Amino acid sequence: MQRQLAGSHAQTKPRHGAVMAYLDEQGNRATELAELSGQHKQVIGTLVDELEALGLVTREPDPADRRAKLVVPTANGLAQMKAGDEAMAGVEERLAAAIGQDDYRAFKRTLQRLAELSMPGDATSD
């Protein structure tokens with residue numbers, strides 16, 4: 001799956017997915033991206049620095065709190081996000097075709113549940 005997605009993100013590395021996969025068009029605070037991705041805030045900061053250098057995101061003042069910054073995708077970043085979404089949809093279509101829609105939906109539900117159970121702070125993950 002990583003190889004198939006890599007073609008849609010020629011400039012980025014797989015680790016950048018911790019930001020790009022969770023980034024909203026209107027932007028997110030780094031702390032929110034850290035929570036959503038399960039990464040430390042310092043890791044997210046480094047990834048945002050790299051993505052900013054690639055011209056895929058910018059840091060802008062948060063209108064709700066001028067002391068805070070939002071990580072906002074640039075036009076190029078939005079194009080990369082769209083390409084990633086399309087690549088992922090293609091992967092999912094091929095997998096569903098290979099095992100059948102019902103089995104693929106059951107697989108996704110099970111995988112989501114396992115991911116939820118393994119989230120930090122979840123009492124069932126101990």
Side-chain angles (χ1 to χ4, degrees):
M1 189 173 295
Q2 286 293 335
R3 282 191 306 272
Q4 291 174 0
L5 288 173
S8 68
H9 294 83
Q11 295 177 296
T12 60
K13 303 214 179 317
R15 68 178 178 266
H16 294 128
V19 172
M20 298 301 285
Y22 299 99
L23 193 58
D24 291 333
E25 287 186 29
Q26 63 275 15
N28 306 74
R29 289 184 183 184
T31 53
E32 181 184 13
L33 293 170
E35 289 172 14
L36 291 169
S37 68
Q39 298 291 321
H40 290 286
K41 187 177 172 190
Q42 293 83 358
V43 171
I44 294 298
T46 298
L47 295 174
V48 170
D49 289 343
E50 292 172 2
L51 291 167
E52 196 169 30
L54 291 169
L56 299 176
V57 301
T58 61
R59 288 180 170 102
E60 299 178 9
D62 184 341
D65 181 353
R66 292 300 217 181
R67 297 168 295 168
K69 296 281 186 186
L70 290 177
V71 178
V72 180
T74 63
N76 191 19
L78 287 171
Q80 289 243 344
M81 290 165 62
K82 182 177 185 232
D85 289 345
E86 290 170 355
M88 189 64 195
V91 169
E92 289 190 340
E93 286 173 17
R94 285 189 297 281
L95 293 173
I99 66 171
Q101 289 289 339
D102 291 340
D103 286 345
Y104 188 69
R105 278 193 291 275
F107 163 74
K108 283 184 64 172
R109 278 192 308 271
T110 301
L111 187 60
Q112 178 64 39
R113 182 68 182 131
L114 290 171
E116 290 167 0
L117 289 172
S118 65
M119 293 297 289
D122 187 336
T124 59
S125 65
D126 295 333

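Quick note: residue numbers are just sequence positions, from 1. Just so it is clear, the structure is predicted and the values come from calculations on it, not from any experiment.
- In this structure, L70 and D62 have side chains that are in contact, with non-hydrogen atoms separated by less than 4.5 Å.
- Listed by chain and residue number, E86 satisfy the side chain to side chain contact (heavy atoms under 4.5 Å, CB included) test with K82 (two or more places apart in sequence, or in another chain).
- We find the CD1-CD distance between I44 and E32 to be 11.0 Å, quoted to the nearest 0.5 Å.
- For the residue pair S37/Q39, the side-chain donor-acceptor check at 3.5 Å is not satisfied.
- The backbone N or O of R109 lies less than 3.5 Å from no partner atom in the side chain of R113, so there is not a single donor-acceptor pair.
- Partners of R15 according to the side-chain hydrogen bond (donor to acceptor under 3.5 Å, both in side chains) rule, which considers only residues two or more places apart in sequence or in another chain, are E50.
- For the pair M81/L23, a side-chain contact is recorded, criterion being any heavy-atom separation below 4.5 Å from C-beta on.
- Within the model, atoms CZ of R29 and CZ of R59 stand 14.5 Å from one another, a figure rounded to the nearest 0.5 Å.
- For D103, the side chain to side chain contact (heavy atoms under 4.5 Å, CB included) partners are I99, not counting sequence neighbours.
- The only option from L56, V57, L51, L54 that meets the side-chain contact (heavy atoms from CB on, under 4.5 Å) definition with Q80 turns out to be L56.
- Electrostatic pairing of E60 and K69 does not count as a salt bridge here, judged by no charged N lying under 4.0 Å from a carboxylate O.
- One finds the OG1 atom of T110 at 12.0 Å from the NZ atom of K108 (value rounded to the nearest 0.5 Å).
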